[in-house]
Protein chains: 2
Amino acid sequence: MRKAADTRTRILDISAELFARKGFTGTSISDIAGELGTTTAALYYHFPSKADILAGLLAEPLEAYGRVIDDLGVSHPSAESLLSTMIDLTAGARGLGQIIDRDPAVLPLIEQQLPRTSAEMQEAVIAALAGPDPSRAGLLRAQGALAVVKQATLVALELAGGSLQPEDRAEILAAALRVMNPESP
Amino acid sequence: MRKAADTRTRILDISAELFARKGFTGTSISDIAGELGTTTAALYYHFPSKADILAGLLAEPLEAYGRVIDDLGVSHPSAESLLSTMIDLTAGARGLGQIIDRDPAVLPLIEQQLPRTSAEMQEAVIAALAGPDPSRAGLLRAQGALAVVKQATLVALELAGGSLQPEDRAEILAAALRVMNPESP
DNA sequence: GTCTATACCCGGATAGAC
DNA sequence: GTCTATCCGGGTATAGAC
């Protein structure tokens, strides 16, 4: 016997997979309903809109992300510590980060109901990594290190079937740190 | 007096900018027409469809990319040489690479009229970087290095107003190579 | 080459029965 | 909770005058 909360969770799971694979705009309500085995109308009993499904998926990861950002000004973490955290955030979002990063049409849809835009948060991380008064080279290194974290973590998740292996995690962190540090370790 | 070839070029320029900023699906024909200063119908005198505009933009970069791929099996370039080439390809595509990488809905539209999918080409580059029988760590490093090239090159283009500065180029290449090489340089 | 007008379709969303 | 039926808007694309 299926409960509403149950169905809600299934919708979120299905949507996460489809959004990650085909993008948000590339996934239609009827795609989701099809996977779910119902009609589109049934979906609207559980969620008021397509954007709300996405919001439901992103709420928790973005909150975690936000806490990290808030902490930046207080604890002034090292590059190692911050990149390490970013690996975990990326892994924890199950490929949902891609949706925000990649589909420019998505941001306006959820931006309003969030304290910070993801662009602002990304900026904050870059700024923290690059330090005050960064050189162009320093900025490029920070951007590069974060790109390594995002891409390699996603690939590692795929390779390991959804969970991040400790040795992969260590490898990614080391690689990102090498990007940050021009001198040999 | 405006010629057709002229207008065609303007359409391509405008579309390149809009596609890069708002994505392909996020850009409507009337967005382009608006920038152009005409109606949507006028656009269809120059291009038979929206997908053809994209194809017009991607044809040359993808051909150049394809030549690099074809050459991989012959010249077995070093990581340095290959990553260096990838920087130039990324810069030469004026942010158009993003469109392919980021919008999953785009591929089906142009895939048919191309010899190779961009996914296949990306695979080939990764394989060439990682070498035969790569370890998981080796794969992650290759993926990371390529991610650095793509992201940092885009940022460098923005910072420098559209052209890639030699010192930025050198910085990006060095960073990507550090990702590839676990030992100190 | 560009216009006005319009056809067509698809995706998101709603109404109301069951 | 899920259905059938339907609406509505926006986006692509076409017809035909100028």
Side-chain angles (χ1 to χ4, degrees), chain A residues 1-58 99 103-113, chain B residues 1-58 99 103-113:
Chain A
M1 179 129 336
R2 225 159 245 154
K3 301 245 194 72
D6 223 56
T7 306
R8 206 190 128 90
T9 309
R10 282 187 63 224
I11 292 172
L12 288 174
D13 282 342
I14 290 168
S15 301
E17 201 271 320
L18 289 176
F19 289 167
R21 210 179 63 226
K22 317 202 306 173
F24 179 74
T25 45
T27 302
S28 72
I29 292 283
S30 48
D31 286 339
I32 301 171
E35 284 294 310
L36 191 64
T38 67
T39 59
T40 65
L43 269 177
Y44 285 90
Y45 174 82
H46 301 276
F47 290 91
S49 78
K50 189 185 171 190
D52 281 273
I53 299 179
L54 182 61
L57 285 170
L58 292 176
I99 300 169
D103 199 332
V106 164
L107 291 168
L109 293 176
I110 48 167
E111 218 160 48
Q112 51 208 22
Q113 54 205 24
Chain B
M1 180 129 333
R2 225 159 246 155
K3 299 244 194 73
D6 222 57
T7 306
R8 206 190 128 89
T9 308
R10 282 186 64 223
I11 292 171
L12 288 174
D13 282 342
I14 290 167
S15 302
E17 199 270 322
L18 290 177
F19 288 167
R21 209 178 65 225
K22 317 204 302 171
F24 179 74
T25 45
T27 302
S28 72
I29 292 283
S30 48
D31 286 339
I32 302 172
E35 284 294 310
L36 190 64
T38 66
T39 59
T40 65
L43 269 178
Y44 284 90
Y45 175 81
H46 301 277
F47 289 92
S49 79
K50 189 185 170 189
D52 281 274
I53 299 178
L54 183 62
L57 285 170
L58 292 177
I99 301 170
D103 197 332
V106 164
L107 291 169
L109 293 176
I110 49 168
E111 219 160 47
Q112 49 207 23
Q113 54 206 24

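Residue numbers start from 1 in every chain, and the chains themselves are labelled A, B, ... in the order their sequence lines are given, proteins ahead of strands. Model, not experiment: these values are computed from the prediction.
Applying the side chain to side chain contact (heavy atoms under 4.5 Å, CB included) test between S15(B) and each of D31(B), I53(B), L36(B) identifies I53(B) as the sole match.
For the pair Y45(B) OH and dA15(D) P, the computed distance is 16 Å after rounding to whole Å. Distance I32(B) CD1 to dA13(D) P: 11 Å, rounded to the nearest Å. The distance from atom CG of D31(B) to atom P of dT12(D) is 8 Å, rounded to the nearest whole Å. To the nearest angstrom, C1' of dG12(C) lies 15 Å from CG of L54(A). Taking atom CD1 on I11(A) and atom P on dT2(D), their separation rounds to 8 Å, with Å as the unit. I29(B) places its CD1 atom 17 Å from the P atom of dG10(D), with the value rounded to the nearest Å. The nearest whole Å value for the distance from the CZ atom in R10(A) to the P atom in dT2(D) is 9 Å. When the P atom of dT2(C) is taken as reference, atom CZ of F47(B) falls 13 Å away, rounded to whole Å.
Here dT14(C) is the nucleotide among dC3(C), dC3(D), dT14(C) with the atom lying nearest to any side-chain atom of Y44(A). For A41(A), the listed nucleotide lying nearest its side chain is dC3(D); candidates were dC3(D), dT4(C), dG12(C). Closest to the T39(B) side chain, of the nucleotides dA13(D), dC3(C), dT2(D), is dC3(C). Comparing atom distances between the K50(A) side chain and each of dT2(C), dG1(D), dA13(C) picks out dA13(C) as nearest. For T38(A), the listed nucleotide lying nearest its side chain is dC3(D); candidates were dC3(C), dG1(D), dC3(D).
If you take CG on L107(A) and CD1 on I99(A), they are separated by 11.5 Å, rounding to the nearest 0.5 Å. The distance from the CD1 atom of I11(A) to the OH atom of Y45(A) is 11.0 Å, given to the nearest 0.5 Å.
Heavy atoms of S28(A) sit under 4.0 angstrom from primed sugar atoms or phosphate atoms, though from no base atom. Contacts of T27(A) with the nucleic acid, taken as non-hydrogen atoms under 4.0 Å apart, involve only primed sugar atoms and P, OP1 or OP2.
With contacts defined as side-chain heavy-atom distances shorter than 4.5 Å, the pair L109(B)/F24(B) qualifies.
Under a 3.5 Å cut-off, the side chain of D13(A) and the backbone N or O of R10(A) do not form any donor-acceptor pair.
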